[in-house]
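Reviewing the structure listed below.
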Number of protein chains: 2
Amino acid sequence: MKQGAHSPDLHTHLLNALRNGELTPGQRLPTERSFADQFGISRGAVQRVLQDLEEKGLILRKVGSGTFVSDRLDSAVETFDHGVDITRGNLAEHVEARAAFEPWVVATAARYANSEHKQELRARLERVANPEDWLDYKEGVYQFFRLLYEITENSFLLHIFDLIIKAREDVRYGGERPKTRVSLVIRNNMVRSLEAIAEPIEQNNPEKAEAASREFLDKMILSVNT
Amino acid sequence: MKQGAHSPDLHTHLLNALRNGELTPGQRLPTERSFADQFGISRGAVQRVLQDLEEKGLILRKVGSGTFVSDRLDSAVETFDHGVDITRGNLAEHVEARAAFEPWVVATAARYANSEHKQELRARLERVANPEDWLDYKEGVYQFFRLLYEITENSFLLHIFDLIIKAREDVRYGGERPKTRVSLVIRNNMVRSLEAIAEPIEQNNPEKAEAASREFLDKMILSVNT
DNA sequence: AAGTGGTCTAGACCACCGA
DNA sequence: CGGTGGTCTAGACCACTTT
């Protein structure tokens, strides 16, 4: 819990009650106004707490009828306790998740890439090969893969990808921006890997593209675990 | 935009400015207090608008220093315009997303399932075979797959799966709960499909499990497109 | 008609940042 | 130090649901 955040009394009280099973799924909670009275806080403060719990799937609020304990309380509590916020999460899980769906994305991109896509893919590969600095390099790699997600035209997967990238950046540098150059060895290694993915896409060869994607992600998993 | 929601004047004004490129990445916005004066609304209302835009990645707020246009404005605007809210979305994209990563999940589950997992999987399959009503049937199918995600111990993917399911339920019944029975044909069909997935998992055979998962999802994709 | 959550207001204090 | 966003307050009106 953050400091000075969201009326901690009511928040922890509700959270404990939900975890202990004092509140059962579907059960109706007291009204916002009565919570405000009970805890000696304003209705606005109560609302912020309830809004937070609703976003986390623990409760449900219905205009005109009341606030209720979520039907799927167990699962919600579990993901809550896991601290899964989709904007957080640990690196290993994110890489693993990419390993789960990115080969499909790459294969699909290889299937549907047109000449315009291919040209753009080349351009983005160029940027990775000759980046201005470390940040530009990272962004370039991200843009390379993002294009593949765009080609699939599945905005849901694209969004998930963006979330993963965003989460990682938040972790890595909290505002400072390292202007270091990128090691030539690392860069060439990356370019080779991306090239191996780009080439079968240019030839509209889904099988080869998928294999190259798997190989790339296997390397990433290795580097994460060391 | 919802009705009566979040001071639409300021909201659309900022959105247009961000889209038109009047505001450039990194640029500093006016203060909350000055927005409140300009638009003749309270500071609280301004904050709710800014909070909304920040959650969507369009702007950044820093205590003590100000509000700024996001560095990755282009991508944020794009996903925003896509209307991607992760809690909404269209059915086809969600099914497609599952097709992208669920085979990996099933294969991984087959790799690591222990006897306890297998027993639980049987139990959940039983529920699908003999549901109390339509709702119980749906929940049973969901629980079957959810267990597979749990076995992988990747809370990120589990969370994504939960989000997809939650989105679908919100769409399907907006509060009413159909108590209809489940057609015997449909039910048996589903049980056969799940059986085909469960069996290779019990034998710890990832390849067969993955193939069964693909087959199941192919059917789902077909049924969505008809 | 009465009660509920959704939103807004005007004002206040705080922790934090930059000069 | 003054300015900024973060939070809270007490009160109000609204649209909606339930009785």
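Per chain, numbering begins at 1; letters A, B, ... match sequence-line order.
- Rounded to an integer number of Å, the gap from A:Phe39 CZ to D:dC8 P is 14 Å.
- B:Leu60 places its CG atom 10 Å from the P atom of D:dG6, with the value rounded to the nearest Å.
- Considering only the side chain of B:Thr31, D:dT4 comes nearest among D:dT4, C:dG5, D:dT9.
- Comparing A:Val63 and B:Gly66 along DNA chain D, the residue whose closest nucleotide (by nearest heavy atom) sits nearer the 5' end is B:Gly66.
- Regarding contacts with the backbone of C:dT4, every side-chain N or O of A:Arg61 stays at 4.0 angstrom or more from both OP1 and OP2.
- Contact annotation: B:Arg48 does not reach the phosphate of C:dG6 (side-chain N/O to OP1 or OP2, under 4.0 Å).
- Here the C1' atom of nucleotide C:dT7 and the NE2 atom of B:His11 are 14 Å apart, to the nearest Å.
- Residue B:Ser42 places at least one side-chain N or O under 4.0 Å from the OP1 or OP2 atom of C:dT9.
- Between A:Phe161 and A:Tyr142, the angle of the ring planes stays under 30°, which puts this pair in the parallel group of the 30/60° scheme.
- For the pair A:Arg98 and A:Phe145, the cation-pi test (distance below 6.0 Å, angle within 45°) is passed.
- Separating the CG atom of A:Leu10 from the P atom of D:dT9 is a distance of 11 Å, rounded to the nearest angstrom.
- Of all nucleotides listed (D:dT17, C:dG5, C:dT9), D:dT17 comes nearest to the side chain of A:Ser65.
- As a whole-Å value, the separation of A:Phe35 CZ from D:dT9 C1' is 19 Å.
- At a threshold of 4.0 Å, the pair A:Glu150-A:Arg146 counts as salt-bridged, since one of the basic side-chain nitrogens sits closer than that to a carboxylate oxygen.
- If you measure from atom NZ of B:Lys62 to atom C1' of C:dA15, you get 17 Å, rounded to the nearest angstrom.
- Rounded to whole angstrom, the span from the CG atom of B:Asp52 across to the P atom of C:dT7 amounts to 11 Å.
- Comment: B:Arg122 does not engage B:Glu126 in a salt bridge, judged by the lack of any side-chain N to carboxylate O separation of less than 4.0 angstrom.
- For the residue pair B:Glu102 / B:Tyr149, a side-chain donor-acceptor distance below 3.5 Å is found, with atom types taken as modelled.
- If you measure from atom CZ of A:Arg33 to atom P of C:dG6, you get 11 Å, rounded to the nearest angstrom.
- Here A:Arg43 does not reach the OP1 or OP2 of D:dT9: none of its side-chain N or O atoms lies under 4.0 Å away.
- Out of D:dT18, C:dT4, C:dT9, the shortest distance to the side chain of B:Ala45 is found at C:dT9.
- Between A:Pro30 and B:Gly64, it is A:Pro30 whose nearest contact on DNA chain C lies nearer the 5' terminus.
- Contacts of B:Ile41 with the nucleic acid, taken as non-hydrogen atoms under 4.0 Å apart, involve only primed sugar atoms and P, OP1 or OP2.
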